[in-house]
There are 2 protein chains.
Amino acid sequence: MATRTDAPTRREQILKEAARLFAERGFHGVGVDEIGAAVGISGPGLYRHFAGKDAMLAELLVGISGQLLTGAKRRLAEADGAAAPETVLDSLIEGHIDFALDDRPLITLHDRELDRLRDSDRKLVRQLQRQYVELWVEVLREVYPELAEPAARSAVHSVFGLLNSTPHLSRRGPLPSRGATAELLHRMARGAFAAAGGQGTPAQVAREA
Amino acid sequence: MATRTDAPTRREQILKEAARLFAERGFHGVGVDEIGAAVGISGPGLYRHFAGKDAMLAELLVGISGQLLTGAKRRLAEADGAAAPETVLDSLIEGHIDFALDDRPLITLHDRELDRLRDSDRKLVRQLQRQYVELWVEVLREVYPELAEPAARSAVHSVFGLLNSTPHLSRRGPLPSRGATAELLHRMARGAFAAAGGQGTPAQVAREA
DNA sequence: CCTTCAGGTTAACGACCGCTAACCTCCCTG
DNA sequence: CAGGGAGGTTAGCGGTCGTTAACCTGAAGG
């Protein structure tokens with residue numbers, strides 16, 4: 001995957017602006033004329049590049065899910081058995097944080113507009129998301145073997161909620177630098193996992209086997 | 001606040017169903033006819049109870065924010081100076097978890113449809129939310145005095161993201177019991193705060209006895 | 001030089017949606 | 001028992017939105 005230096009194609013411009021607008025005002029809250037205006041063309045000109053408004057959302061959501069999953073698989077392959085599970089988990093967390101900080105509109109869309117997709121697209125996205133989650137669950141259970149699988153899955157979803165909170169942060173003041181924010185989020189994610197996994201207070205996980 | 005035993009009024013029925021539908025398909029994705037149908041009347045009959053579709057959303061969001069803030073203030077008053085800061089923080093977490101588990105549609109709406117409000121309503125909701133956050137920040141900084149204020153605010157937002165992830169949990173299987181889920185979320189929230197507040201990687205739990 | 005075609009344009013259609021108007025029907029109350 | 005308000009109903013208006021149709025244009029290619 002060579003780093004892109006060439007200018008973005010028109011399709012990419014449209015997708016980027018559509019993502020921003022969808023994240024700001026919701027899928028149904030944005031008209032095609034607005035999306036067109038955001039890239040300098042107007043309204044129906046978009047139909048030279050996309051089959052319809054739905055197709056834009058579909059491509060965005062499939063792209064996000066696929067990108068997250070691909071990145072996670074790559075990180076897992078790089079560590080291939082050699083590295084300690086903690087290191088792999090840290091790598092997953094780092095990748096997710098990068099994504100959450102660099103592509104906030106996409107992160108917002110990702111868990112907000114999924115239900116607006118056609119059935120087939122929605123199934124595809126759900127499948128990619130599920131694979132991503134299961135990948136985290138496996139790594140997490142290597143780090144905390146006492147953790148039961150349902151609890152691990154809940155913990156992963158919860159940490160996603162924590163990491164995906166970045167869109168809510170920016171509203172008030174520029175907040176700490178990107179690096180400091182990333183580090184804080186990373187520490188909190190590890191802390192949350194540790195609290196979930198170090199069979200802590202007692203017994204509630206054991207009870208439900 | 002006496003526990004309600006009498007039947008819900010029509011207004012309350014409408015609000016409840018509207019919240020569910022808005023959470024499922026988004027504010028713009030739901031028509032007034034659907035909301036009416038959900039409570040057994042049809043379409044324009046709603047206008048006997050609400051000034052418009054916007055008014056329903058506004059009442060929902062203001063209600064949520066107010067309820068969260070009121071509950072937190074009550075919990076803070078109950079502990080009035082006497083209790084240890086850790087206990088107060090636990091109480092806040094418990095209250096938020098109860099809300100997140102019992103009113104999932106509302107939690108979903110709360111950070112999804114805020115921008116669909118009229119300016120005045122949005123300002124009111126934002127103000128209530130801000131007060132709620134600041135209240136958490138104060139308590140958190142009593143527990144972790146080393147924590148700088150911007151970092152504390154970020155940490156609070158992130159933990160809200162963690163706790164508000166409950167809507168994502170239910171999709172696949174009924175998952176652990178409500179009690180077990182609440183306990184897991186509580187531990188993770190404390191763990192995340194501890195990791196944010198104990199400056200440095202380690203030693204954070206041991207120090208705070 | 002003619003053709004083709006990618007990538008635009010504006011006009012307009014059909015569907016949907018929020019809301020109002022006009023009307024009906026109980027039930028309560030003086 | 002009149003009557004009036006609370007809480008419905010259906011019909012329909014006005015606006016918006018996604019999409020299509022028909023047309024235009026500039027650059028590339030034989």
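Labels below follow one simple rule: chain letters A, B, ... track the order of the sequence lines, proteins then strands, and each chain is numbered from 1.
Salt bridge present: Glu59(A) and Arg11(A) bring a charged side-chain N and a carboxylate O closer than 4.0 Å. Ion pair Glu86(A)/Arg190(A) not flagged as a salt bridge, since none of the NZ, NE, NH1 or NH2 atoms sits closer than 4.0 Å to an Asp/Glu carboxylate oxygen.
Contact annotation: His28(A) side-chain N/O to dC17(C) OP1/OP2 distance is not under 4.0 Å. Dashed line: the shortest gap from a side-chain N or O of His49(A) to OP1 or OP2 of dG8(C) is under 4.0 Å.
Arg116(A) has its CZ atom 17 Å from the P atom of dC17(D), to the nearest Å. dG18(D) atom C1' lies 13 Å from atom CD of Glu34(A), rounded to whole Å. For the pair Ile35(B) CD1 and dC17(C) P, the interatomic distance rounds to 11 Å; values are reported in whole Å. When rounded to the nearest whole Å, the span between OH of Tyr47(A) and P of dA21(D) equals 13 Å. In this structure, Ile41(B) atom CD1 and dT10(D) atom C1' are separated by 14 Å, rounded to whole Å. Atom CZ of Phe27(B) is separated from atom C1' of dC17(C) by 12 Å (rounded to the nearest Å). Atom-to-atom, CG of Leu21(A) to P of dG18(D) comes out at 12 Å; the value is rounded to the nearest Å. Remark: P of dG18(C) and CG of Asp54(B) are 10 Å apart, rounded to the nearest angstrom.
Distance from the side chain of Arg48(A) is smallest to dC23(D) among dC23(D), dC19(C), dG18(D). Of the candidate nucleotides dT19(D), dG8(D), dT20(C), dT19(D) has the atom lying nearest to any side-chain atom of Lys53(A). Nearest to the side-chain atoms of Pro44(B) among the listed nucleotides dC23(C), dT9(C), dA11(D) stands dA11(D). Of the listed nucleotides (dA21(C), dG18(C), dT19(D)), dG18(C) has the atom at the smallest distance from the side chain of Val32(B).
Here the shortest heavy-atom pairing between Ser165(B) and Gly161(A) reads CB-CA, 4.3 Å.
In summary, the side chains of His96(A) and Asn164(A) do present a donor paired with an acceptor at a separation below 3.5 Å, with no hydrogens or angles considered.
When each of Ser42(A) and Ala51(B) is assigned the nucleotide of DNA chain C bearing its nearest heavy atom, the one mapping closer to the 5' terminus is Ser42(A). Sequence order on DNA chain D of the closest nucleotides to Asp33(A) and Arg10(B) puts Arg10(B) first from the 5' end. Comparing Gly29(A) and Gly45(B) by the nucleotide of DNA chain D that holds the closest heavy atom to each, the one mapping nearer the 5' end is Gly45(B).
Counting any heavy atom pair closer than 4.0 Å across all strands shown, Val39(A) reaches no nucleic acid atom. Backbone-only engagement by Gly52(A) is indicated by non-hydrogen atom pairs under 4.0 Å involving sugar-phosphate atoms exclusively.
Relative ring orientation between Tyr132(B) and Phe160(B) is described as parallel, the plane-to-plane angle staying below 30° on a 0-90° scale split at 30° and 60°.
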